[in-house]
Amino acid sequence: MLYLLLMIVSFGSAVACSIIFYNWHITATNALSTITRYPVLLSPTHVIYMIVFILYAFMAYWIWQQYKHQHTLYQKRALYFSLAMVIQALLYIAWHKENLTYMLLLQVLLIAIAYLLYRTYPKRDYQWTGRLPLSLYFGWSSVSLLFILEFIFVYHNFHGFGLSRPFWAIGLLTLGAIMALYIRYRYDDIAFIIPFTLNYIGIAIHLQFDEMLVTAVTLFLTGSMLVGMMYFQPKQQE
């Protein structure tokens, strides 16, 4: 019961912070208004940001199933999950304060903890009671890092060693697609790619014809990830 309470409290804090993050004006503006103020190319259309609440619903179900079945790794998973949720809540706070250094550090730490939690499950675990909700969350956290990196570049007027902003955006998008396909192959995980494809489609919708090259590359990488999701898989060795 203690571990269940720990997960519920930490999860509740993350959900509460996300609601505040997206809707309330703690600082001058809410999160979506802050994003709009900066010309970040890797910002998807605002509807995509709401997907996080769908992920929270999946994770709430996962919490209950973890308590209900009490796997031998239950305590370890509960600790990893609780730590990830606390970091997620702190990340929202750092965003409101526009403390980009802490944002970046917390996002990297969140991905690391999400990965450790993710690795407590075997390959080819496609169950909603198992790895699947964590795969989606791990993917969402990973693709969010791309946005944070470009946001930092824009915020600090980073000129990219003479390279254009679209070039850096394409580089980050390509890096993200490579990561998604690697996880797909390495861990035989289809779900990890889904947050990437949704975000990439959202980016293309947001950019439309304003940045034709970035939009074209985004759509190409989206198609590549969809093909990889369906066909790019390791040989069955286990």
Flag, side chain of [X] to backbone of [Y], donor-acceptor distance under 3.5 Å:
X: Lys68; Y: Ile63; value: no
X: Trp62; Y: Leu134; value: no
X: Thr45; Y: Ile205; value: no
X: Glu150; Y: Val40; value: no
X: Asn199; Y: Pro195; value: yes
X: Gln66; Y: Thr129; value: yes
X: Ser82; Y: Leu79; value: no
X: Tyr200; Y: Leu173; value: yes
X: Gln107; Y: Ser141; value: yes
X: Arg77; Y: Thr120; value: yes

How far does [atom1] of [X] sit from [atom2] of [Y], to the nearest 0.5 angstrom?
X: Phe153; Y: Leu100; atom1: CZ; atom2: CG; result: 12.0 Å
X: Leu41; Y: Phe147; atom1: CG; atom2: CZ; result: 11.0 Å
X: Ile183; Y: Ile193; atom1: CD1; atom2: CD1; result: 10.0 Å
X: Ile93; Y: Gln88; atom1: CD1; atom2: CD; result: 11.0 Å
X: Leu105; Y: Ile148; atom1: CG; atom2: CD1; result: 10.5 Å
X: Phe81; Y: Leu6; atom1: CZ; atom2: CG; result: 10.0 Å

Quick one: does [X]'s side chain get under 4.5 Å of [Y]'s, heavy atoms only?
X: Ile194; Y: Trp140; value: no
X: Gln127; Y: Gln65; value: no
X: Cys17; Y: Trp95; value: no
X: Tyr67; Y: Tyr3; value: no
X: Leu136; Y: Phe192; value: no
X: Leu213; Y: Val217; value: yes
X: Met229; Y: Leu226; value: yes
X: Pro39; Y: Arg165; value: yes

What heavy-atom pair brings [X] and [Y] nearest, and what distance separates the two atoms?
X: Asp189; Y: Ser135; result: OD2-OG, 2.8 Å
X: His206; Y: Pro44; result: CB-C, 4.0 Å
X: Ala177; Y: Met225; result: CA-SD, 3.9 Å
X: Ile48; Y: Leu198; result: CD1-O, 3.5 Å
X: Ser142; Y: Ile111; result: CA-CD1, 3.8 Å
X: Tyr137; Y: Ala84; result: OH-O, 4.2 Å

cation_pi(Arg184, Phe196) dist<6.0 Å, angle<=45: no
Shared ILVMFWY cluster between [X] and [Y], side chains joined below 4.5 angstrom?
X: Leu181; Y: Met230; value: no
X: Leu175; Y: Phe167; value: no
X: Val15; Y: Val9; value: no
X: Ile178; Y: Tyr115; value: no
X: Tyr182; Y: Val227; value: no

Crowded around Phe53 CZ? As in, over 12 foreign heavy atoms under 6.0 Å?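 It does: Phe53 CZ has more than 12 such atoms within range.
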Mind checking what makes ring-ring contact (aromatic ring centres under 6.0 Å, His included) contact with Tyr187, not counting sequence neighbours? Tyr118
Pair Met7-Met85, side-chain contact (heavy atoms from CB on, under 4.5 Å): steps then yes or no: CA-CA 8 Å; Met7 287 193 291; Met85 292 299 100; over 6 Å; no
Test log, rule side-chain contact (heavy atoms from CB on, under 4.5 Å), inputs Tyr56 and Ile19: CA-CA 11 Å; Tyr56 284 149; Ile19 293 173; over 6 Å; no
Flag the pair Tyr61 / Trp128 as yes when their ring centroid distance falls below 6.0 Å, and as no otherwise.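 No, the ring of Tyr61 stays outside the 6.0 Å limit from the ring of Trp128, centre to centre.
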Step by step, work out the side-chain contact (heavy atoms from CB on, under 4.5 Å) result for Thr101 and Asn99. CA-CA 6 Å; Thr101 301; Asn99 192 322; 3.9 Å; yes
